[in-house]
Amino acid sequence: MSITQVEAPLEPLEVASTARPTARRWFTRDASGPFLLLCFFVAVPVILILVNSFNTARPGAPASYGLENWRRAGDDPQLVHAIWNTLTLGITRTLIALVLGVIIAWLLARTDMPGARQLEFLFWLAFFVPPLPRTLGWIGLLDPLYGVMNKALSALPFVGDDGSGPFNIYSFWGIVWVHVTSMSLPFMVIILTPAFRRMSADMEEAARMCGAGRTLAALRVTVPLMLPAMLGGAMLTFIYTLQSFEIELLLGSPINLDVLSTQIYRWIRYEPPQFGIATAMGVGFMTIMILVAVGYRRALRGRDYTTVGGRSYSTRPTSLGRIGRWVAFAGVSSFIVLSIVLPVGFMAIGSFMTRFGWFELTDPYTTDHWSRLLADETFKQSITTTCMFALSAAVIGVIVYWWIAHTATRSRARIAGSIDVLAWLPVAIPGMLLGLGLLWLFLGTPLRSVLYGSLAGLVIAMVINHLPTGVVQMRSALLQISAQQEEAAAMCGARRFTRYRAIMLPLLSPAIVAAAVLTITSAVRDISTVVLLASRGSTPVSLLMLEYSVSGRLETAAALGLVVTGALGVVTLLGWRLGRRAF
Amino acid sequence: MSLRGAATTVACLSTIAVLAGCSSSDDEGGTGSAAEKPAGSGDSCGGTAEWDDLVKAAQEEGEVVISGPADTEVSDLLPAAFEDAFGVEVTYVGGSSSELAAKLDAERAADTYSHDVFLGGANTFYTVFYAQKWLADLDDVLIGENLREGDNWVTGEISFEDPDGDKILRISDFQATMLLVNSDLAGDVDEWNDLLDPAFTGKVASLDPRIPGSAANTASQIADVLGRDFVSELYAGQEVAILSDSRQAVDDLARGRYSAVIGPTEADGDEALDLGLPVEWVIPTDAPQHRTASFGLMAVAEPAAHPNAAALMANWLACPQGNEIWTNASGFPSARSDVAIQDPTPSEELRVLDPSREMWDAYDFDFVTKETAENIEYFTEVLGGS
């Protein structure tokens, strides 16, 4: 593996290289701010959740502490099955997404495959489609009894029609398929493509000049250098897919396939709510995730992944050959058709259907759902709320993620490791529990009038919720950029702000844009984190979609889902323009 | 069209939709200001000086916060009608009772009180709201004329569901329809017993009875009336599929995946019927009427954020005019004898309670607070899982 030794940092400067001296102080001035911020907004809610996992009293009753919640969580006869299902599903879909994601991201970023930018945009679009209508779309396509695609396939002579189609969406592999196409793979491509773009082609070219073939160069140079982004992306994909529950709830329940998130969801929705048991399960979950975070840090420690140094930066694409580039295009396009066009198309048609998926009705199409949506006062209010909420979260989020990632990667303070782990923590907490922890925090401080029930509170919740992804994105980018760049600027007299604006901002623009767009996406889609914090009368779009869904108005929810997807598409296009250098 | 072109088209359409959403709604009617509304406007229990004083005091507070089901029909119609009647702004908070309980718990621990009136189901109301003394005494609140006269109520008396008899008022009262069958496949199903026929093995689905709610109440009624062994025989013996989504259950039923579904929501079943899908409600004859209120229990917060507006809202919901708005928006038949659903469908007529027949009350305080947890433990044992 090609690992370069980074030069020692220039002492008078505050920027440090990735190689740290052995004797380090616990705290430094640059590390204190992010550490305190994370302690207040992450550690305190987590501690509140931990403490309340021992609170056995019902809501409203005086607290009484004991091990009852933990005992009941542990006694759950389905727990072992749920843990097994959670791990097998999570590992399977992460591995599939990782392998396909690396290949697709490499094709998009490092080769001369035609239409790469348009295809990349479609992967972003794939990630934006809300999971509920998308899953219903897949049920409409692949239900073994009445799925449109299954019916079409059954009509083929070599498939045969025995009353059930060749595919069953209600199965382990059905769940894996919906996850991989809707979340895991698009997410992996979104995370990895900018990282591949930041990689200078010099190293691959050097390997080729030394006689390595295209595959060997990719395996021995590209993949090792992409390790931080790949590991980060794989772990985030793994953990996010563990957290999601809509897909498992719809596809797993009929076949009695429970996962941890659906178990936790049941306890939270229980009447009266059993937050103690849910938090006990959540805390167990959190412990595993902290170990994963520590492992991630250890895996990357002591190595240098710099691909953008102070001297040269080549982004020349690898040639796939005249036929090869079109074969690659056909392969990626086929996946796009399968993962986006079919379910989104079905969702679009569904929004104009009298009843989602019922083509056999006498009058199957209507525009009523769209009329109802556009006339709904709550829709208008929720769009305004969401616009403000999501944009504020993106701007504040990007600044916070960069600050934390920069400290975690460049600070010499020993506390930098803790900053990394603290920034990772929110990913391990189911959204509703995180919302609950923040609710307790907001109401328990003198800032309650500012934070509780206000846009500020929602923005903070969303920034915290998206913190792990944002920090990993920034961290992966920072690890690829040598500290020499900042050091050289500092030697020339550039102040800190100038160094960030003139050097880091342009180099990090793809990661910044990606983090901003993903934060907006989270803000628009997230339900569980904000449900307890949403201000009175200020319903974000995500909660409105939930309201439509639970009211049985799936068609209106599908229409809203399309509006959301389209709006996020606009945001991405704007983001691409802003980060044009990289894209 | 190129990908870029397609993307641009999608983007433009979305932008138009978003801009439509962002545009001002000032020109669309809206509610009148408090000053424009006469004191007695819109009341059907009013006419007394006390009522007029209450309306004026509520208008001075200017706002009322009510929580209820996450139903867009209710969240649109109820606030609009109240605002139109009294010129008091309504903030409607839709969501589950468990979410609301968590929120109120945290608020009250911090001496913050943001809610006024609650509409909800029995479990969290009884075991949390009432048990923790979060509810006001409605004796002091309900001032509407003739409100307590027995003739005005379906069962012959106003129904307070809490043991004190003055905190939780039932404003909806009806017979639950808990069994939906596929009319092409199910044959003649009249009783729960019919579902034990081997032809139904693997062909029955149920919403999750391990979570408190209508499906759990139904399983409890079956256990109560036909015995726990029957529950085991039905749910485990007939390999009942447990589903989490009511709409999905109804779709699967209509498509023929199942022949019968236990516990889908009234709205989902009715919508399928309205569209002519092959489904029908069955009221099993081997059990008494399953009396329920769904989200139709009403209580006032103690302390309330806007006490006068809260009292006005509570009176309005208990009186004919407000109750009629709630009844038609929610689709739950009223507890009032003088309020009915306009142009009821056959399903809605089926739900009208017949007080002369034997009833099994799923909202009975003792049943909910003492037996539900025990029953759910048993269902969990039968089905496995949490």
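No experiment lies behind these values; they were computed from the predicted model shown. Order of the sequence lines sets the chain letters (A, B, ...), proteins ahead of strands, with each chain counted from 1.
For the set B/T372, B/D111, B/V74, B/I242, the entry with the most heavy-atom pairs within less than 4.5 Å of chain A is B/I242. Per-residue heavy-atom pair counts under 4.5 Å with chain B were compared for A/G444, A/G357, A/G252, and the maximum is reached by A/G357. Highest contact tally toward chain B, considering only A/Y548, A/Y452, A/F356, is held by A/Y452 [criterion: heavy-atom pairs under 4.5 Å]. Listed options B/A101, B/A102, B/P69 were ranked by heavy-atom pairs under 4.5 angstrom with chain A; first place goes to B/A102. Annotation: maximal heavy-atom pairing with chain A below 4.5 Å, among B/L275, B/L100, B/D251, B/V250, occurs at B/D251. Residue with the most contacts toward chain A among B/R108, B/R247, B/Q132: B/R247 (heavy-atom pairs, distance under 4.5 Å). Comparing B/V128, B/T127, B/L243 by heavy-atom pairs within less than 4.5 Å of chain A, the highest count is held by B/T127. Of the listed residues B/A254, B/S246, B/A109, B/G256, the one with more heavy-atom pairs under 4.5 angstrom with chain A than any other is B/A254.
Looking at heavy atoms from C-beta onward, A/F442 lies out of side-chain contact with B/T112 at the 4.5 angstrom threshold. The shortest distance between side-chain heavy atoms of B/E107 and A/L439 does not fall below 4.5 Å.
Both the backbone and the side chain of B/D71 come within less than 4.5 Å of a heavy atom in chain A. Neither the backbone nor the side chain of B/L104 comes within contact range of chain A, judged by heavy atoms closer than 4.5 Å. Proximity to chain B (any heavy atom under 4.5 Å) is shown, for A/L443, by both the backbone and the side chain. For chain B, no part of A/L568 is nearby; none of its heavy atoms comes within less than 4.5 Å.
Ionic pairing of A/R372 and B/E73 is not present here: no N-O contact between side-chain nitrogen and carboxylate oxygen is shorter than 4.0 angstrom. Of the charged side-chain nitrogens involved, at least one lies within less than 4.0 Å of a carboxylate oxygen, so that B/R257 and A/D143 count as a salt-bridged pair.
To the nearest 0.5 Å, atom NZ of residue B/K103 and atom CG of residue A/L533 are 7.5 Å apart. For the atom pair B/D76 CG and A/D376 CG, the distance stands at 4.5 Å (nearest 0.5 Å). The distance from atom OG of B/S75 to atom CG of A/L544, rounded to the nearest 0.5 Å, is 8.0 Å.
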